[in-house]
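Worksheet: the structure to be examined is printed underneath.
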2 protein chains.
Amino acid sequence: MFIQIEPTSEIPIYTQLANQLIELIASGTIKPSEALPSVRSLAADLGVNMHTVNKAYHELEKKNIIEIIPKSGAVINSISPKGPSDMQLDLIKLHLKPLIAESIVYGMDKEQILSITSSIISEITEG
Amino acid sequence: MFIQIEPTSEIPIYTQLANQLIELIASGTIKPSEALPSVRSLAADLGVNMHTVNKAYHELEKKNIIEIIPKSGAVINSISPKGPSDMQLDLIKLHLKPLIAESIVYGMDKEQILSITSSIISEITEG
DNA sequence: ATCCTGTTATAATGACATTAGAACAGAATG
DNA sequence: CATTCTGTTCTAATGTCATTATAACAGGAT
């Protein structure tokens, strides 16, 4: 599993883990219907506690990105062809807005913001 | 001051405050060289502790968005016409990436992501 | 001189993140 | 069928963070 944790980061370990798993799914490195490693094995790999990995998995389940099958394991959900649900879209916008406002305050204009957004998309999907 | 705090949010109060101040600056509602309210008066307005407002102001100072003049008050910095510094840009990208990856996992394509980004920019600058 | 300002210090509280250890029950595998 | 692996649940300790509460200090504004 291609994951790297920064223990000293201000970002919680379980969030780092969830984010990196999301990126791996977005990039196609791991695909829908694939099983994620068990919480115990991944925890051992990363040198963190089992409960921390468990928490990351449950964050992804809340977002409907994976499905946790009790007593069995976690599986990546298929990407909805209908796009995000209203709730998902609202949350994305809620978190996107302050970042965009900050970019504007830094002197970026619409073109620049769309440009770096575009480059990040390429980075994820082609990287 | 046109600020609303949600005490029960999972987002820390000082972050909510900093974010909303950034949006007010981005929208032009409050402008460079204008003074922010004193930490004591704004805290009283919002019904929160002085230290919480103080923390928000120092967050904005770290980002070079305001200047805190010791024993005097806080003033909004001018928007750099040169755009963001490398450090500012890196931080923006760092926080933008997981959101964009999440959007992709939700089934959004490049056009949709650029479209909501664009609409948020309009919302901030024209709202 | 008085009031307002940000600064600093200390302290208490509750919540959160992380780790640890243990026990349970269902699934998978031999 | 027995063993192993799985996620689940519980308790508990630790450290850090967010928030509030006081209080006192010194420079700026009036």
Side-chain angles (χ1 to χ4, degrees), chain A residues 1 3-22 30 33-77 91 95 98, chain B residues 1 3-22 30 33-77 91 95 98:
Chain A
M1 193 104 292
I3 290 175
Q4 207 163 358
I5 297 300
E6 314 265 2
T8 67
S9 167
E10 83 279 7
I11 301 172
I13 296 175
Y14 75 93
T15 303
Q16 294 183 48
L17 220 185
N19 282 346
Q20 293 193 41
L21 288 171
I22 287 174
I30 52 180
S33 85
E34 261 183 49
L36 291 178
S38 77
V39 291
R40 281 183 173 87
S41 68
L42 184 51
D45 266 19
L46 302 176
V48 302
N49 191 275
M50 165 190 58
H51 295 91
T52 306
V53 176
N54 197 42
K55 189 167 185 178
Y57 280 13
H58 280 273
E59 290 288 315
L60 294 179
E61 195 188 33
K62 267 191 224 161
K63 299 184 178 195
N64 274 312
I65 293 174
I66 68 173
E67 186 180 359
I68 297 175
I69 300 159
K71 314 295 177 193
S72 171
V75 174
I76 302 168
N77 280 335
L91 272 178
H95 291 109
Chain B
M1 194 103 292
I3 289 175
Q4 209 164 357
I5 297 298
E6 314 264 4
T8 66
S9 167
E10 82 281 8
I11 301 173
I13 295 175
Y14 74 93
T15 303
Q16 293 182 50
L17 221 184
N19 282 346
Q20 293 193 41
L21 288 172
I22 288 173
I30 52 179
S33 85
E34 262 184 48
L36 291 178
S38 76
V39 292
R40 281 183 173 87
S41 67
L42 184 51
D45 267 18
L46 302 176
V48 302
N49 193 275
M50 167 191 58
H51 293 89
T52 306
V53 176
N54 197 41
K55 190 167 185 177
Y57 281 12
H58 280 272
E59 290 288 314
L60 295 179
E61 194 187 34
K62 265 192 226 162
K63 298 183 179 195
N64 273 313
I65 293 174
I66 69 173
E67 186 179 358
I68 296 176
I69 300 159
K71 312 296 176 192
S72 169
V75 174
I76 303 167
N77 280 336
L91 272 178
H95 291 109

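It should be emphasised that the depicted structure is a prediction, and the values quoted were computed from it without experimental measurement. By convention in this document, chain letters (A, B, ...) are assigned in the order of the sequence lines, proteins followed by strands, and residues within each chain are numbered from 1.
Residues meeting the side-chain contact (heavy atoms from CB on, under 4.5 Å) test with Asn77(B), sequence neighbours left out: Glu67(B). Considering only residues two or more places apart in sequence or on other chains, Lys63(A) meets the side-chain hydrogen bond (donor to acceptor under 3.5 Å, both in side chains) condition with Glu102(B). Here His51(B) pairs with Asn49(B) under the side-chain contact (heavy atoms from CB on, under 4.5 Å) rule; sequence neighbours left out. Listed by chain and number, the residues in a side-chain hydrogen bond (donor to acceptor under 3.5 Å, both in side chains) with Gln16(A) amount to none (sequence neighbours excluded). Remark: His58(B) engages Asn54(B), Glu61(B), Ile68(B) in a side-chain contact (heavy atoms from CB on, under 4.5 Å) (not counting sequence neighbours). By the side-chain hydrogen bond (donor to acceptor under 3.5 Å, both in side chains) test, Glu59(B) is found to be paired with Lys62(B), residues two or more places apart in sequence or in another chain being considered.
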Please list each protein N or O that sits under 3.5 Å from an N or O in nucleotides 13-16 of chain D, with the distance.
none

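Looking at every heavy atom in both residues, Ile66(A) comes nearest to Ala74(A) through CD1-CB, 4.0 Å. Here the closest heavy-atom approach between residue Leu21(B) and residue Ile30(B) is recorded as O-CD1, 4.2 Å.
Straight-line distance from the CD atom of Glu10(A) to the C1' atom of dA18(D): 16 Å, rounded to whole Å. As rounded to whole Å, 15 Å separates atom C1' of dT19(D) from atom CD of Glu59(B). Remark: C1' of dT9(D) and NZ of Lys55(A) are 16 Å apart, rounded to the nearest angstrom.
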Show me the donor-acceptor pairs within less than 3.5 Å that the side chains of residues 3-15 of chain B make with the rest of the protein, sequence neighbours left out.
unit_1  : atom_1 : unit_2   : atom_2 : d
Ser9(B) : OG     : Ile11(B) : N      : 2.9

Can you give me every donor-acceptor pair (side chain of residues 33-43 of chain A, partner residue at least two apart or in another chain, under 3.5 Å) with its distance?
unit_1   : atom_1 : unit_2   : atom_2 : d
Glu34(A) : OE2    : Lys31(A) : N      : 3.4
Ser38(A) : OG     : Ser41(A) : N      : 3.1
Ser38(A) : OG     : Ser41(A) : OG     : 3.1
Ser41(A) : OG     : Ser38(A) : N      : 3.4
Ser41(A) : OG     : Ser38(A) : O      : 3.1

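The terminal axes of the helix from dA1(C)-dT30(D) to dG30(C)-dC1(D), fitted over 5 pairs per end, subtend an angle of 40° to the nearest 10°.
Of all nucleotides in DNA chain C having an atom under 4.0 Å from a heavy atom of chain A, the first and last in 5' to 3' order are dA17(C) to dA27(C).
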* Where along nucleotides 2-7 of chain D does protein come under 4.0 Å, by heavy atom, of base (B) or sugar-phosphate alone (S), with - for untouched nucleotides? -> ----BB
* Check the pair Val75(A), Ile69(A) against side-chain contact (heavy atoms from CB on, under 4.5 Å), reporting the backbone distance first and the verdict last. => CA-CA 8 Å; Val75(A) 174; Ile69(A) 300 159; 4.0 Å; yes
